[in-house]
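As the structure lists them, so they are numbered: ligands from 1, and atoms in each ligand from 1. Numbers here are sequence positions counted from 1.
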Amino acid sequence: MTRNIAFLLSIILAFSAIAVRAAEKTVTISTKDIQLVYKVDKGNKLRQCYFGESINDNAQHVQVTKHDAYPTFGTSYVNEPALRAVHADGNTSTELVYVSHKTEQTGDGIEHTEIELRDSYFPFDVTLCFNAYYKENVIEAWTVIKHSEKKPVMLYNYASSHLFFQEKKYFLTQFYGEWADEMHMTEMQLTRGIKSLESKLGVRSNQHAHACFFLGLDAPAQEDAGRVVGGTLAWPGSFNLTFDVDNLDNLHVICGINSFAGQYQLAKGEVFETPKMLYSYSSNGTGDVTRNFHRWAKKYGIWRGDRTRTTLLNNWEATYFNFNEEILSKIIGDAADMGFELFLLDDGWFGEKYPRNNDDAGLGDWMVNRKKLPNGIGYLVEEATRNGIKFGIWLEPEMVNPRSELYEKHPDWVITQPNREIDLSRNQLILDLCNPKVQDYVFSVVDNTLKENPGIAYVKWDCNRFVTNSGSFFLSADKQSHLWIEYVRGLYSVFERVRANHPEVSIMLCSGGGGRIDYASLRYFDEFWISDNTDAYNRIFIQWGTTQFFPAMALASHVSTSPNHQTGRITPLKFRFDVAMSAKLGMDVQPMNMTPEEKEFSKNAIKEYYTFREIVQHGDLYRLLSPYTNPRTAMMYVSEDQNDAVVFTYLLEKVINGGNNQVLYLKGLDPNKTYRLNELNKEPNKWSWFNNLEGKSFTGEYLMKYGIRFPMYNQFESKIIRLTAE
Ligand code: GLA
């Protein structure tokens, strides 16, 4: 008997899961500093009662709001339900009641909670799931839906999560953009009614909007003060983040897949899992929220987030489609000579019958163009190796040009509607990843390229268009609306297989610039290309927005030529380097067109980058002066041990009288340490006002309270300042 009890206990402990029946009615999801609290009311309904800074004793929550944790159509008093289902018998309403919950440790510092809800009449189950990352202060929220009704249930809305807030005012920061103009930020006060941030593009879904937001509670979000919620959806498809201020000024935040034209027929027994919505919160402003996401991403959200990223030279803006073996060999030599660690061969190396010499042919035919590259890719890999650098290659495996052998063979492999003209964008169509045969093909493109050319260390995975004519020849007529979800499932399965076979290859996520940046894809990718706009001035804004949620270690930032190819802007080479070096440094220039002075400057800059890239890539980001509100902008990275820091500052407008004297109040330093200041990436023989501070030492306290003060005069003047604890 005693042995049996011990056995039972050991099982319970082994799984460290404690299922709690209705007796215990509070569910607390907590990290080090934040808490999400639910309570079950007398009617057995689950209500959200708190989301914010941790409260020591949660048993004190006596008031239970009337707001459902996961509002459903028909029975919840909301404008916008998290769930709308039509049951097998035609009933359009759902009423969820609490069944049980359990919490278990699923990893070091990760607590997983599941709250089981069930319809009061139908055998229809909804489980609210959470992962709480203790140290990083990030909570993942998602939902699992299943049923055992006699016939399929149609899901019309299926949000990942719903959060409820009871404040006087709400300030929403959204992230929006366009090709070559990604990740702008703007803040607005929410008024009564619904504001939706959404994409219906299916693929390349971030082209116009990003599934990220900040929410300032009661006041606009500030960098270092105020209560701020940050959220981002881990999903590369269409998304919807809805903010609904109701008739009593409560705010409902409903986030998940965009279910527009995407009703989902859920079969009996089938498990439907929504993507994860990531939240963080701070009572000390957006800076903290950003650092929470970055720390989380480096540990859990990005492929090998603990590794230092390599520098590279990419030939896209250097040659576009116009290259051959000789030109590339020369670039490889120059890249190595300048100190880059990798050469990345971009678009245009493939296609036999339809050579890829511009963007209207060849996509889908991943055999080497022997006219351009008679000795194949292998030769270039060897050429790179001979020069002591690595080799990377561009692929766009999900896409096809109608002018290709692939399309001739498989016209039914593309996303399009029958009886409609095919609708081209950048002269191409999307391969239908709902179809397992297409998944096999797309996987084989990547797998074969890597297997046939051993030594390829890097892949740039591109994806240059979004969905129109959303039809699948593979899905049955009654399941055409599943395309949006099945595509992403197919994509994940390809990502999985690629990673299983090629864990050591670095892969860049690219989508005509930043059209696909999300924490579901980044689990498989080392870095991302945020914009085809390489103008350093524009990049300051684009990178400012991007790094609110995604860390600089993964943000590829390239020095390109001047005048810039996208904007025509002329900027100094130092400025271009100083901007690119604030993230993951690369270059998109034909070295042949550089002067010996420019090459020399680049060589030194790259060498210098290696002395501080660990701080940029692995340190904490502190924003000092926003480009949105200051002519001079600045930010800094601080190493975890607070012994090293690097400050970047840029002047965006010329100031004639006395220069721009904005003080840089540093952040994140140890007040008790003394730091020596040195300028990095200096221009030879150029005097600057910073010289007065060069080599001097100050305490962290002084640098944070008095700051660094020196004027800057010229437009596009920039400085990188290294701080070293003594
Ligand atoms: C996309 C990418 C670019 C480049 C081109 C090649 O636009 O964003 O960086 O690779 O495709 O066609």
Heavy atom of the protein closest to [atom] (residue, atom name, distance):
{"atom": "atom 7 (O) of ligand 1", "result": "D532 OD2, 2.8 Å"}
{"atom": "atom 2 (C) of ligand 1", "result": "D462 OD2, 3.0 Å"}
{"atom": "atom 9 (O) of ligand 1", "result": "K460 NZ, 2.7 Å"}
{"atom": "atom 10 (O) of ligand 1", "result": "D346 OD1, 2.7 Å"}
{"atom": "atom 12 (O) of ligand 1", "result": "D347 OD2, 2.6 Å"}

**Request:** Check whether any N or O atom of R426, backbone or side chain, sits under 3.5 Å from an N or O atom of ligand 1, and answer yes or no.
**Result:** yes
**Item:** Within 6.0 Å of NZ in K390, more than 12 heavy atoms from elsewhere
**Value:** no
**Item:** Within 6.0 Å of NZ in K371, more than 12 heavy atoms from elsewhere
**Value:** no
**Prompt:** Looking at F260 versus W484, is the centre-to-centre ring distance below 6.0 Å?
**Reply:** no
**Request:** May I ask you to check whether F214 and F549 place their ring centres under 6.0 Å from each other?
**Result:** yes
Report yes or no: is the cationic atom of [X] (NZ for Lys, CZ for Arg) under 6.0 Å from the centre of the six-membered ring of [Y], at an angle within 45° of the ring normal?
{"X": "R497", "Y": "F443", "result": "yes"}
{"X": "R569", "Y": "F716", "result": "no"}
{"X": "K372", "Y": "W349", "result": "no"}

I need the contact type for [X] against ligand 1. Using non-hydrogen atoms and a strict under-4.0 Å cut-off, is it side chain, backbone, both or neither?
{"X": "E317", "value": "neither"}
{"X": "N464", "value": "side chain"}
{"X": "C510", "value": "side chain"}
{"X": "E396", "value": "neither"}

Considering only heavy atoms of [X], which atoms of ligand 1 have at least one such atom less than 4.0 Å away?
{"X": "W529", "answer": "8 (O), 9 (O)"}
{"X": "G512", "answer": "1 (C), 7 (O), 8 (O)"}
{"X": "G513", "answer": "8 (O)"}

**Asked** L241 versus Q174: any side-chain heavy-atom pair under 4.5 Å?
**Response** no
**Request:** Take H184 and F175 through the test side-chain contact (heavy atoms from CB on, under 4.5 Å) and record every step on the way to the result.
**Result:** CA-CA 5 Å; H184 283 283; F175 295 79; over 6 Å; no
